[in-house]
Amino acid sequence: PDLDDPTTDPFDVASAAAEHIAAKSGVAGHDIALVLGSGWGGAAELIGDVVAEMPTAEIPGFLKPAVEGHRSTTRSIRVERPDGSVRHALVLGSRTHLYEGMGVRRVVHGVRTAAAAGAETLILTNGCGSTHIGWRPGQPVLIKDHLNLTARTPLEGAAFADMTDVYTPGLRELARSVDPELPEGVYAQFHGPQYETPAEVKMAHLLGADLVGMSTALEAVAARHCRMDVLGISLVTNLAAGISPEPLSHEEVLEAGKQAGPRISDLLARIVAK
Ligand SMILES: Nc1nc2[nH]c(I)nc2c(=O)[nH]1
């Protein structure tokens with residue numbers, strides 16, 4: 001079934017993807033799913049033992065990598081908790097951004113696949129810009145709410161999904177029990193791919209956003225619609241445009257992500273094991 005065909009039900013494709021994952025991994029159901037954004041790549045190995053991995057492109061509904069070198073793998077990870085109980089985590093190998101122009105269905109296909117695979121909890125991570133001078137590159141921030149500034153939605157038809165507490169309060173408390181210093185913020189998703197102008201950053205801040213990015217909000221809407229609990233964690237990799245006098249450099253953004261990697265991966269591993 002083809003996601004680009006409007007007559008295809010996207011949830012059928014998600015079910016086919018979940019069946020593929022169960023067959024390839026030998027894990028009938030996954031309890032929790034994670035999307036690892038820029039800077040969060042190293043977390044997978046820390047959260048448990050990789051039970052199985054598979055090329056993401058072979059899972060129904062996922063795109064072939066645009067660039068051959070970017071082959072991504074989706075992993076099934078066995079997480080042992082302190083009380084000895086075991087959970088199966090699905091670490092999605094790829095994220096499709098809205099700015100890639102492949103449609104909103106593909107942006108949230110991984111989320112719907114995770115729900116079809118049995119996940120009741122979804123952890124969304126990303127790299128983002130901060131509208132606060134005080135939140136420097138390397139700072140992880142819990143997402144407490146979002147502004148969807150994309151003018152898009154993954155929901156089709158009369159799906160009047162409730163969005164109160166889309167970022168589950170209990171999961172935020174759990175994260176803060178692991179690291180009480182974690183601040184919370186409102187995340188604004190822009191369409192991208194360009195970064196915001198200083199005026200757009202000021203607008204986002206005036207509208208109540210602390211963080212600006214190009215992912216996460218649409219995935220959280222789809223996750224909530226699938227009745228999953230959601231934890232969103234952003235890694236500030238740069239001060240948003242205009243917040244500091246220097247221009248944005250992509251290298252600086254990547255460097256900040258690399259520097260913070262070990263610390264935030266450890267944080268994520270401790271949250272997942274709780
Ligand atoms: N929209 C937006 N997305 C981002 N992603 C990263 I990493 N930094 C930014 C940023 O400053 N703005």
Side-chain angles (χ1 to χ4, degrees), residues 34-43 66-67 70 72 92-102 104 106-108 110 123-154 167 182-221 231-265 267-268:
L34 297 95
V35 179
L36 302 180
S38 38
W40 295 88
V67 179
H70 290 189
S72 86
L92 291 159
S94 70
R95 167 182 259 155
T96 299
H97 290 88
L98 190 58
Y99 57 70
E100 296 177 51
M102 305 309 285
V104 191
R106 291 201 189 273
V107 169
V108 303
I123 299 183
L124 294 169
T125 63
N126 62 52
C128 69
S130 162
T131 71
H132 282 293
I133 193 93
W135 287 352
R136 313 293 299 182
Q139 171 73 52
V141 180
L142 289 180
I143 299 175
K144 68 177 173 188
D145 207 341
H146 73 228
L147 298 176
N148 172 9
L149 302 182
T150 65
R152 302 285 195 294
T153 173
Y167 298 94
L182 274 178
E184 286 206 327
V186 173
Y187 176 98
Q189 179 175 353
F190 282 80
H191 190 288
Q194 73 287 351
Y195 286 130
E196 297 67 40
T197 64
E200 286 165 341
V201 172
K202 188 166 167 22
M203 171 197 76
H205 189 60
L206 289 172
L207 293 175
D210 304 294
L211 307 167
V212 289
M214 304 179 193
S215 71
T216 307
L218 294 175
E219 291 151 287
V221 168
L231 176 68
I233 317 180
S234 284
L235 169 68
V236 172
T237 58
N238 60 277
L239 288 174
I243 298 295
S244 80
E246 301 91 51
L248 271 183
S249 93
H250 202 61
E251 293 65 36
E252 161 203 315
V253 161
L254 298 178
E255 184 52 33
K258 221 158 62 213
Q259 292 299 326
R263 188 163 51 85
I264 60 171
S265 297
L267 166 69
L268 193 51

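Counting convention: from 1, in listed order, for ligands and their atoms alike.
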Next on the checklist: Would Gly192 count as a contact residue for ligand 1, given that I'm defining contact as a non-hydrogen atom of the residue lying under 4.0 Å from a ligand atom?
Outcome noted: no
Checklist entry - Does an N or O from Glu196, backbone or side chain, lie closer than 3.5 Å to an N or O of ligand 1? => result yes
Closest approach of [X] to [Y] (non-hydrogen atoms, all atoms of both residues):
X      : Y      : result
Thr237 : Pro137 : O-CB, 3.6 Å
Gly208 : Val186 : O-CB, 3.2 Å
Leu142 : Ile233 : CD2-CG1, 4.0 Å

Checklist entry - Would a distance-only check, ignoring hydrogens and angles, find a side-chain to backbone donor-acceptor pair under 3.5 Å from Glu100 to His97? => result yes
Item to check | Side chain, backbone, both or neither: Ala241 near ligand 1, heavy atoms under 4.0 Å | outcome: neither
Checklist entry - Between Thr237 and ligand 1, which residue portion shows a heavy-atom distance shorter than 4.0 Å: side chain, backbone, both, or neither? => result side chain
Checklist entry - Looking at Asn126, Ile264, Ile123, which hits side chain to side chain contact (heavy atoms under 4.5 Å, CB included) with Trp40? => result Ile264
Heavy-atom contacts with [X] under 4.0 Å: which atoms of ligand 1 show up? List them by number with element.
X      : answer
Asn238 : 6 (C), 8 (N), 9 (C), 10 (C), 11 (O)
Gly129 : 8 (N), 9 (C), 10 (C), 11 (O)
Gly213 : 1 (N), 2 (C), 3 (N)

Next on the checklist: For a 4.5 angstrom cut-off between non-hydrogen side-chain atoms, does Thr153 reach Val104?
Outcome noted: no
